[in-house]
Amino acid sequence: EEEQSQARFDALINQDSRVEPRDWMPEPYRKTLTRQVSQHAHSEIIGMQPEANWISRAPSLKRKSILMAKVQDEAGHGLYLYSAAETLGTSRDELNDQLLTGRAKYSSIFNYPARSWADMGAIGWLVDGAAIANQVPLCRASYGPYGRAMVRICKEESFHQRQGFEILLALSRGTAAQKKMAQDAINRFYEPSLMMFGPPDDQSPNSQQSMAWKIKRFSNDELRQRFVGMIAEQVKVLGMTLPDPELRFDEEKKQWIHKDLNWDEFMEVIKGNGPVNSQRLERRREAHREGAWVREAASAYAAKQAQSEVA
Ligand code: FAQ
């Protein structure tokens, strides 16, 4: 029985077909997907914070409503992804508990502070840009619910990236102080956004298996160098620079070469010791506590509805 199931699963993967929630799947496949999809969901939810902090300080009503819409999209992405993770058999409560108790990871990038209005531009352009480069191939992930969730999420991320670039473009055409603020934001977010793709391939314990299962379609380094090539061109439109004098296209290898990234810093950040890790988690716990009455009211209402159906 088990052998037949494994054979059916292998065939699905080989044919580039999709694994659905009710299909048999090997436990390590379920485990790695639950890990990746829930980390992704946590990232969307924690990722709301740096931008939400700027809603009240957006420089115009129009900028404020755009930023609010973006942060709401992120909440939506988080909820989709928790639902996709739940189809693998772990409850939303359990996943949430893993986040609040610090047992679960979320993207390193959200442990850096957003210091200026220009950071809203840099986050949109670089952070959402990196997210898209990483997530477009995930639309073809072998697990159906994850791949399908990615399709809509990528569409919304494209809008997010455009709005970030447009913030920087406006600043790049502004006063000397505005240009300086934009360049400073780019300088601070460049390296952390390249680290979003994960550790170098030779230090990435999960990549090989995840690629064999067709969850990941490209390696961390492949996606990173593809992304850096994109932003190397786009930064010229802004009339700004990337803080990477070593950045160049290698004609022989046909790939972009960037400077060495600070992987010690990355390891510290993902261990929980980044510049604002504790602030982000504390804020999330507080929001969860403050939302208790909503959960209580929703379950009281559901119980009442169930009663009246019986009656
Ligand atoms: N941060 O063996 P690998 C967004 C961990 S976009 C923290 O290479 P894998 C949109 C990794 O989990 C951000 N941890 O792992 C937005 C593993 O630890 P574990 C979210 C990281 O899974 C924009 C260990 O290091 N996007 O939210 C990071 O094969 C603006 C070894 O690494 C996704 O999550 C990192 N950067 O590859 C929202 C995309 N990198 O679990 C708001 C989906 C690695 O064994 C505002 N995820 N680690 O203890 C993926 O594509 C993959 O999981 C990778 C990592 C590529 C992130």
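Counting starts at 1 for both ligands and their atoms, following the listed order.
With a 4.0 Å cut-off on non-hydrogen atoms, Met195 touches ligand 1 through its backbone and not its side chain. Residue Ile270 touches ligand 1 through its side chain alone, judged by heavy-atom distances below 4.0 Å. Heavy atoms of Phe266 found under 4.0 angstrom from ligand 1 belong exclusively to the side chain. Under 4.0 Å from ligand 1, not a single heavy atom of Val269 appears. Of all the heavy atoms of Glu74, the ones lying under 4.0 Å from any atom of ligand 1 belong exclusively to the side chain.
A donor and an acceptor atom, one from each side chain of Asp128 and Gln161, are nowhere located under 3.5 Å apart. Ser207 and Lys216 share a donor-acceptor pair across their side chains, judged by distance under 3.5 Å alone. A side-chain N or O of Gln98 and one of Glu94 form a donor-acceptor pair less than 3.5 Å apart.
Taking distance alone, with nitrogen or oxygen atoms compared against 3.5 Å, Glu157 stays at or beyond that limit from ligand 1. In terms of polar-atom proximity, Ser210 is not counted as a contact of ligand 1, lacking any N or O under 3.5 Å from an N or O of the ligand. Polar contact with ligand 1: present for Lys105 (N/O pair, distance under 3.5 Å).
Proximity to Tyr146 (heavy-atom distance under 4.0 Å) selects the following atoms of ligand 1: 43 (C). Heavy-atom contacts of Phe197 reach the following atoms of ligand 1: 56 (C) (cutoff under 4.0 Å). Listed by number with element, the atoms of ligand 1 under 4.0 Å from a non-hydrogen atom of Tyr106 are 1 (N), 7 (C).
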Ring pair (Phe, Tyr, Trp, His ring centres under 6.0 Å) evaluation trace for Phe227 with Phe197: CA-CA 10 Å; Phe227 170 68; Phe197 294 91; 5.5 Å; yes

